[in-house]
Every structure is written in structure tokens, then in C-alpha cells.
Amino acid sequence: MSDKLSKQDPVAAGTTAMVRAEGVHKSFGHVEVLKGIDLEVRPGEVFCLIGPSGSGKSTFLRCINHLEKINAGRLYVDGELVGYRQKGGKLYELKDSEVAMKRRDIGMVFQRFNLFPHMTALENVMEAPVQVKGVAKAEARERAGQLLERVGLADKAGNYPSQLSGGQQQRVAIARALAMDPKLMLFDEPTSALDPELVGDVLDVMRDLAESGMTMVVVTHEMGFAREVGDSLVFMDGGVVVESGHPRDVLTNPQHERTQSFLSKVL
């Protein structure tokens, strides 16, 4: 834990936030899903988002890497606007190629594993570095092998997704995201589609990432993980931040009535 704390020390001296949201709004048609989100994620921090279904957590996560475009406000990753550039007080949307270039620095792990079914675990992890970054196949293969070992799946390198359990597929998906050497990892309820006995292995990999100093934004229903591993926690409901603070404080002594009601049902 001391390594992780030392990585966060520069924040006190004014290090750029890894993620900063300023009045972020997002609507789908007439339905306003995000109603002015303000929050900040520090480098090296594990930032957990909790809340009921439909509260806007996953939508906000998708806005961070411009899978969804915001309708108002500002969203920055590592000091740079997400999806836009500002010139003369006006915002101009980046070209798809420019967005894709910036997205390379942001790893994302979804509820459903989204692995390529026709590729082995090793090939899934190799694919993006080879195709997107132009890494030589031999180098990508070696790195992919190291990452599969890191997530405990070195012996499954030659297996296809259909030959793996859900938990194993999710760990391959994490290795695949790490293969791009991201500076930020986004997790969208990464254990919600798994059988209960498979959840622990995935959370163990995420703990290892946290201890290595990876900046992580995690939408989760795993309150134990949030309490043990998280540095900050936000409770969202109805498209707004209702309550925020250190995970242990929010989970054991919530101040807002809506937070209390939610936690009484899930803890």
C-alpha cells in the first residue's frame, strides 16, 4: 500500500487530475441521464462509482473515453479535453481518427467480455498492439504471454473464449486492455455477469492492478472491493452525485437519506 500512497503524493503539489468532470450533462433524446457531474480522479487512485441501475454510472464511464458524447460541460483526461479541442472559447469535435488515437491511452473492461471468438486468448491480447500500435508480432506475443501470466492464465494462452469460464474470459479482457499500456483503466461492472464463485479471481487481478499504482475508475456492486481497495467513492442516483468521500466513510456512515436507503438494500 505504501507504494500506492507514494504515487499519489504529487497530487498535493498540484499534479494534473487524471479525470476531471465539470458540469457534465448527457441526454438520450428527451431523457437526461447525466445532470451536471462534477468530480475528480487523481493519478494512481482507485475511484469507485456505485448506485442503482439507471443512475448514470455506466453512461458517465463511457463518456470518459468518448464512446458517448457529452451534451454540455467539460471532461478532461490527463489535462486534455475528451473528444474536443477548444479554440477561441468554442469547442470543436475531434475527428474519429484523433479520438481513436487518444482512446489508446484508456483501457476499458466491459460487463460482457467482448473477446474475439475466433482468436485464442493469446491472439486476443496481441491484436490491438499489432493492429493499432504497429508492434512487431514477436514482441506482442511475448508481452501477451507475460500479461496472461499476470492474470493467472498462462496455461490458457491457446484456448478460445468458448473454452474458458466467464471469469477467465474477463481476466483475458483485462490483459487485453493492459496490452495497450493505458494510463487509465475503466471497469464497467466487470463482475456482474459472472457466477459468484468466479468473482474473486477477477477482483484479485484488479487488486493487483491497484497496488501497482494503476489509475482506475470502477463502476461496481462489489461493496467489499470498494471498501478494501477504493480510495474514493461516489454514490450516484438520478444522474447526479448524491454523496462522495472515502469508501469506508460512505459505506459505514452515509450522510444522505438516499445513500442510506440504497446501502440498506445492498449491504
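Closest of all the heavy-atom pairs between Phe28 and Glu68 is CE2-OE1, 3.5 Å. Nearest heavy atom pair, residue Pro247 against residue Arg227, reads CB-CA, 4.0 Å. Listed here is the closest heavy atom pair of Val234 and Met236: CG1-CG, 3.7 Å. Between Phe60 and Leu34, the shortest heavy-atom distance links the atoms CA-CD1, 3.8 Å. Contact detail for Val24 and Ile70: the closest heavy-atom pair is CG1-CG2, 3.6 Å. Between Leu251 and Leu267, the shortest heavy-atom distance links the atoms O-CD1, 3.6 Å.
Annotation: cation-pi geometry satisfied between Arg20 and Tyr76 (NZ/CZ under 6.0 angstrom from ring centroid, within 45° of ring axis).
In this structure, the side chain of Gln255 engages the main chain of Asn253 through a donor-acceptor pair within 3.5 Å. Gln168 places a side-chain N or O within donor-acceptor distance of the main-chain N or O of Ser165, the cut-off being under 3.5 Å. Of the possible polar contacts, one joining the Glu123 side chain to the Thr120 backbone as a donor-acceptor pair under 3.5 Å is found. The backbone N or O of Met119 lies less than 3.5 Å from a partner atom in the side chain of Asn124, making a donor-acceptor pair. In this structure, Lys26 contributes its side chain and Cys63 its backbone to no donor-acceptor pair below 3.5 Å. Side chain of Gln260 to backbone of Pro254: a donor-acceptor contact under 3.5 angstrom is found. Between the Lys57 side chain and the Gly51 main chain, a donor and an acceptor come within less than 3.5 Å of each other.
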Worked verdict on Phe262 versus Phe235 for ring-ring contact (aromatic ring centres under 6.0 Å, His included): CA-CA 9 Å; Phe262 174 76; Phe235 170 67; 5.1 Å; yes

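In the displayed structure, Met101 atom CE is contacted under 6.0 Å by at most 12 heavy atoms of other residues, nucleotides or ligands. Residue-environment remark: CZ (Arg207) exceeds the threshold of 12 foreign heavy atoms within 6.0 Å. Crowding of Glu257 atom CD: a count of heavy atoms from other residues, nucleotides or ligands under 6.0 Å not exceeding 12. In Lys133, the NZ atom is crowded: over 12 heavy atoms of neighbouring residues, nucleotides or ligands sit closer than 6.0 Å.
Asp38 meets the salt bridge (charged side-chain N to carboxylate O under 4.0 Å, His left out) test with no other residue; sequence neighbours excluded.
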Show every donor-acceptor pair shorter than 3.5 Å between a side-chain atom in residues 217-225 and any protein atom, with sequence neighbours excluded, or say none if there are none.
residue: Thr220; atom: OG1; partner: Glu222; partner atom: N; Å: 2.8
residue: His221; atom: NE2; partner: Glu189; partner atom: OE1; Å: 3.4
residue: Glu222; atom: OE2; partner: Thr191; partner atom: OG1; Å: 3.2

Identify every side-chain donor-acceptor pair in residues 171-184 under 3.5 Å, counting partners at least two apart or on other chains, and give the distances.
residue: Arg171; atom: NH1; partner: Val151; partner atom: O; Å: 2.9
residue: Arg176; atom: NH1; partner: Asn114; partner atom: O; Å: 2.9
residue: Arg176; atom: NH2; partner: Phe113; partner atom: O; Å: 3.2
residue: Arg176; atom: NH2; partner: Asn114; partner atom: O; Å: 3.1
residue: Asp181; atom: OD1; partner: Arg143; partner atom: NH2; Å: 2.8
residue: Lys183; atom: NZ; partner: Asp78; partner atom: OD2; Å: 3.0

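Ser55 and Asp237 are not linked by any side-chain donor-acceptor pair at a separation below 3.5 angstrom, with hydrogens and angles left out of the test.
With values rounded to the nearest 0.5 angstrom, Lys102 atom NZ is found 8.5 Å from Asp105 atom CG.
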